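Source: prediction; values computed, not measured. Keep in mind that the numbers below use all heavy atoms, side chains included, and drop hydrogens, waters and symmetry copies.
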Amino acid sequence: MTLAEQRRPAPGQGRVAGKVAIVTGAGQVDGPGIGTGRATATLLARHGAALVLVDQEPARAAVTQKEIEQAGGRSIVVEGDVTDAADAERMTNSALEAFGRLDILVNNVGVSRPGSILETDEQTWAQLIDVNLKSVYLVSKFALQAMISGGGGSIVNISSIGALRSIGFAAYSAAKGGMISLTREMAAQHGPQGVRVNAIVPGSIQTPRTLGAARLLGTELEDVQGRAARVLPLGQVARGTGWDVAYAALFFASDESSWITGQVLAADGGASVTIPAVALAGLDRQG
Ligand SMILES: NC(=O)c1ccc[n+]([C@@H]2O[C@H](COP(=O)([O-])OP(=O)(O)OC[C@H]3O[C@@H](n4cnc5c(N)ncnc54)[C@H](O)[C@@H]3O)[C@@H](O)[C@H]2O)c1
């Protein structure tokens, strides 16, 4: 059997069949659309993984669990705060107790606040760095040990376009940029132990949380996305959703990406390859 054949799932099996995955922030805030955590957890389960659904609001993760059950998948809910070391340890221990191993970790939790550093008080700065960046350090620290003992694994960090371009969220973007640097460090240091680490950079995505963020900026989601879409290469033909991030995460989680580590994949409609002023000038030329 060739290596390519070994990596291909057998007919009827999913792309991550037999693997065990933790997804943090596997619930979602109230509102329309699907969050990246719920979409990723549901997709991994559909493709054969057993899921540990982590959320500080267990009722939110329970909704995801119900969807997974209805599709015939297996999952448990673990209540926990990703900024708490004891909770982080319990996430990995729960995976080992319930399913006997750990292969995949998706660090999906993130919170954002708009503002320059002048508009960001020290407490808000600390909270944003903790939830978005320290959480990756803490949850990965325990997960890594289980993965290394089990022969390897895949960690997927959900960053943001704010890591690559100014979006007006100073502390959030700083944390998400740190997440990419940490991704590269972890990939280099734990590749020899069989653990791959990659990052996804979502751009403008329709999730329940973006509605709230738009309101914080004093506007409505459709206004923000409509204006943003004018300068996105794919903005005239599509809108990004939680599923776009989930499919990228499924690829990194699966053995299809066995030779890929330390990489950053943008799911951003092309935002990271355009210069807005040039894109707008192009629109003007088209009339
Ligand atoms: N929505 C977007 O447009 C967008 C764009 C770029 C990046 N992202 C990133 O995608 C990820 C998910 O965003 P979303 O809008 O789908 O998620 P979300 O805001 O709906 O949150 C998902 C879940 O995380 C849980 N959570 C929050 N803080 C937690 C904590 N400390 N411990 C445990 N659970 C916690 C919440 O209870 C919620 O159920 C985040 O990392 C976000 O930064 C989103």
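- Of the inter-residue distances, the one linking T241 atom OG1 with I34 atom CD1 reads 8.0 Å to the nearest 0.5 angstrom.
- Within a 6.0 Å radius of CZ in F251, other residues, nucleotides and ligands contribute more than 12 heavy atoms.
- Applying the side-chain hydrogen bond (donor to acceptor under 3.5 Å, both in side chains) test to S149 and every residue at least two apart in sequence or in another chain returns nothing.
- Within the structure, the side chain to side chain donor-acceptor pair (under 3.5 Å) test picks out the following pairs touching residues 260-270 (sequence neighbours left out): D268-S272.
- The side-chain contact (heavy atoms from CB on, under 4.5 Å) test applied to E89 returns N93, F142, not counting sequence neighbours.
- The salt bridge (Lys or Arg N to Asp or Glu O under 4.0 Å) test applied to D81 returns no partner, not counting sequence neighbours.
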>> Show, in sequence, the C-alpha distance, side-chain angles and deciding distance for T92 and Q145, and conclude whether the side chain to side chain contact (heavy atoms under 4.5 Å, CB included) test is met.
In response: CA-CA 9 Å; T92 287; Q145 293 166 38; over 6 Å; no
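- Partners of Q193 according to the side-chain hydrogen bond (donor to acceptor under 3.5 Å, both in side chains) rule, which considers only residues two or more places apart in sequence or in another chain, are H190.
- Residues L265 and V201 are not in side-chain contact: their nearest non-hydrogen atoms beyond the backbone lie 4.5 Å or more apart.
- You'll find the side chain of I167 reaches within 4.5 Å of the side chain of S160, heavy atoms only.
- In summary, the side chains of R113 and T124 do not present any donor paired with an acceptor at a separation below 3.5 Å, with no hydrogens or angles considered.
- Checked by atom type, the side-chain pair S112/R209 shows a donor-acceptor distance below 3.5 Å.
- The shortest distance between side-chain heavy atoms of M147 and L105 falls below 4.5 Å.
- Contacts of D130 classified as side-chain contact (heavy atoms from CB on, under 4.5 Å), with partners at least two apart in sequence or in another chain: T83, K134.
- In terms of the side-chain contact (heavy atoms from CB on, under 4.5 Å) criterion, residue partners of T183 (sequence neighbours excluded) are, by chain and number, N157, V197, A199.
- Contact check for V156 versus N107: no side-chain heavy atoms found under the 4.5 Å cut-off.
- In this structure the side chain of V139 reaches within 4.5 angstrom of the side chain of M91, judged on heavy atoms.
- Under the rule for a side-chain contact (heavy atoms from CB on, under 4.5 Å), the partners of F99 that lie at least two apart in sequence or sit in another chain are V20, A50, V52, R74, I76.
- In this structure, CD1 in I200 is found 10.0 Å from OG in S159, a value given to the nearest 0.5 Å.
- Follow the hydrophobic side-chain contacts under 4.5 Å out from L44 and you never reach V63; the two are in separate clusters.
- Applying the side-chain hydrogen bond (donor to acceptor under 3.5 Å, both in side chains) rule to K66 yields no partners; only residues at least two apart in sequence or on another chain are considered.
- L51 is listed as a side-chain neighbour of V23, based on a closest heavy-atom distance under 4.5 Å.
- Q123 and Q127 share no donor-acceptor pair across their side chains, judged by distance under 3.5 Å alone.
- Contact annotation: the side chain of I22 approaches that of L102 to within less than 4.5 Å [non-hydrogen atoms, C-beta and beyond].
- V82 has its side chain out of reach of D87: every pair of non-hydrogen atoms, C-beta onward, lies at least 4.5 Å apart.
- Linking Ile, Leu, Val, Met, Phe, Trp and Tyr whenever their side-chain heavy atoms come within less than 4.5 Å leaves M179 and V264 in two separate clusters.
- Every residue two or more places apart in sequence or in another chain was checked for a side-chain hydrogen bond (donor to acceptor under 3.5 Å, both in side chains) with R60, and none qualifies.
- Using a distance-only test at 3.5 Å, with no hydrogens or angles considered, no donor-acceptor pair links the side chain of D244 to the main chain of G240.
- Hydrophobic clustering keeps I129 apart from Y172 (ILVMFWY residues linked when any side-chain heavy atoms are closer than 4.5 Å, directly or through intermediates).
- For the pair T210 (side chain) and Q206 (backbone), a donor-acceptor distance under 3.5 Å is absent.
- The side chain to side chain donor-acceptor pair (under 3.5 Å) contacts involving residues 19-28 comprise K19-D255, where partners must be two or more places apart or lie in separate chains.
- In this view, D103 and R101 satisfy the salt bridge (Lys or Arg N to Asp or Glu O under 4.0 Å) rule, not counting sequence neighbours.
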